[in-house]
*Asks:* 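Shown below is the structure under consideration.
Naming: A, B, ... by sequence-line order, numbering from 1 per chain. Below, each value reflects all heavy atoms present in this structure, side chains not excepted, and no hydrogens, waters or symmetry copies.
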Amino acid sequence: APECVIMMRVCWLVRQDNRHQRIKLPHLETVMVGRSPETKIADKKCSRQQGNWSQDCGDYCVGVNPTSIDSVIIGKDQEVKLQPGQVLYLVNELYPYIIEFEEEAKSPGLGTHRKRKRSGNSDPTETAEPSTGLEPGSNPRQRSVPPKKEKDASAKKESLGHWSQGLKISMEDPKMQVYKDEQVVVIKDKYPKARFHWLVLPWASISSLKAVTREHLELLRHMHAVGEKVIADFAGSSKLRFRLGYHAIPSMSHVHLHVISQDFDSPCLKNKKHWNSFNTEYFLESQAVIDMVQEAGRVTVRDGMPELLKLPLRCHECQQLLPSIPQLKEHLRKHWSK
DNA sequence: GTTCTAGAAC
DNA sequence: GTTCTAGAAC
């Protein structure tokens, strides 16, 4: 039977500083956005019902009762359009949001949303899930047939649907691409661990640094140069420090260069492994990798990498030890609020 | 890679 | 009692 798939245009309200996951704006359905756990806004100046937002039929979304868009103050209960490129501030020039559109495949009769139990949460503004897989997590493909009792014996799990193959799918998706040329493509990390976090991937299929040889030297240099260009183009005015590097033992297949700002201000940074993978020798500086390939013809990694991920949390700016992730995050604020 | 949650740590 | 981590499941 032919597979029937409808493409839906979904609209997302995206917090510019990554403080929380994007909020889905369903078509012609209103979503309340304001002071709530979802938005992580605790500011009393922000109402719980700061604005009602919905996707309209066009290339914009509609809101009632926001404070300002692009610094133009909006009156109470005035309906306004928010278009791509415009910045919405929920209150007093704070809490910046933009909108993004995305195509989403939808099989009729089978909702794109998985039901998930959530303990006593009646909040209508539930965080929506991204439907396209970037760095792993979500189903890259929709089911065309409901699950049956008997297992599909031929369905080898680990081929292309497995989460570790997610980058291969994302890099091909034009909507994910921030930059591309003949050799490489750059995408935003789906779960950014800082305000800016990109991945530079070669089109050539290179499973990991273990497969890299001197033949790839120019490619590695190009990936580095492209990473620096993306920083200049998209974060040039941010004044943030960046690092470019590879994880010693990556979880995702396909060589990818991390380009990450050093604020580490992101709700997706949640545990010790996240922190230590960017702030110990687990993070292999791009330039060091290039030098090693030039000198030795391949990349070798020292023993004991998995253990590095369990090291105590230490601030990368002032070396102070912090006892927990929440306390580390609180500590980091004093380095980026300058 | 993320999510979920039991139970350790506070 | 609540916060937080870490390991299993995906």
*Asks:* For A:His274 and C:dT5, give me the distance from atom NE2 to atom C1', rounded to whole Å.
*Replies:*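 Rounded to the whole Å, the gap is 13 Å.
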*Asks:* Between C:dT3 atom C1' and A:Asn271 atom CG, what is the distance in whole Å?
*Replies:*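 Value for this atom pair: 15 Å.
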*Asks:* Take the protein atom CD of A:Glu330 and the nucleotide atom P of C:dT3, then report the distance between them rounded to whole Å.
*Replies:*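 Taking CD of A:Glu330 and P of C:dT3, I get 15 Å after rounding.
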*Asks:* What orientation do A:Phe278 and A:Phe283 show, parallel under 30°, tilted 30 to 60°, or perpendicular over 60°?
*Replies:*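 Tilted.
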*Asks:* Within this structure, what is the NZ-to-P distance between A:Lys270 and B:dT2, rounded to whole angstrom?
*Replies:*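 Taking atom P of B:dT2 as the reference, NZ of A:Lys270 is at 8 Å.
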*Asks:* Under the ring pair (Phe, Tyr, Trp, His ring centres under 6.0 Å) rule, what pairs show up with a residue in residues 207-232 of chain A, not counting sequence neighbours?
*Replies:*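 Listed once each, the pairs would be none.
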*Asks:* Pick out the pairs of N or O atoms, protein on one side and nucleotides 6-10 of chain B on the other, that lie under 3.5 Å.
*Replies:*
none

*Asks:* Side chains of A:Ser170 and A:Lys190: do they bring a donor and an acceptor to under 3.5 Å?
*Replies:*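 No pair is found: no donor N or O on one side chain lies under 3.5 Å from an acceptor on the other.
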*Asks:* Take the protein atom CG of A:Leu322 and the nucleotide atom P of C:dT5, then report the distance between them rounded to whole Å.
*Replies:*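 Interatomic distance, CG of A:Leu322 to P of C:dT5: 11 Å.
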*Asks:* Quick check on salt bridge (charged side-chain N to carboxylate O under 4.0 Å, His left out): which of A:Lys329, A:Lys334, A:Arg195, A:Lys193 does A:Asp265 satisfy it with?
*Replies:*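 One option only clears the test, and that one is A:Arg195.
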*Asks:* Measure CG/A:Leu167 against P/B:dT2 and give the value in whole Å, please.
*Replies:*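 In whole Å, B:dT2 P lies 11 Å from A:Leu167 CG.
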*Asks:* With a 6.0 Å cut-off (strictly less than), is the heavy-atom count around CZ of A:Arg298, excluding the residue itself, greater than 12?
*Replies:*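 Counting other residues, nucleotides and ligands, CZ of A:Arg298 stays at 12 neighbours or fewer.
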*Asks:* Of the candidate nucleotides B:dT2, C:dT5, B:dT3, which contains the atom at the shortest distance from the side chain of A:Ile325?
*Replies:*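 It is C:dT5.
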*Asks:* Would you mind reading off the distance between A:Trp275 atom CH2 and C:dT5 atom C1', rounded to a whole angstrom?
*Replies:*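 In whole Å, C:dT5 C1' lies 18 Å from A:Trp275 CH2.
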*Asks:* Rounded to whole Å, please give me the gap between NE2 in A:His162 and C1' in B:dT2.
*Replies:*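 It is 12 Å, rounded to the nearest whole Å.
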*Asks:* Between the side chains of A:Lys310 and A:Glu307, is the shortest nitrogen-to-carboxylate-oxygen separation below 4.0 Å, so that they form an ion pair?
*Replies:*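 Salt bridge: no.
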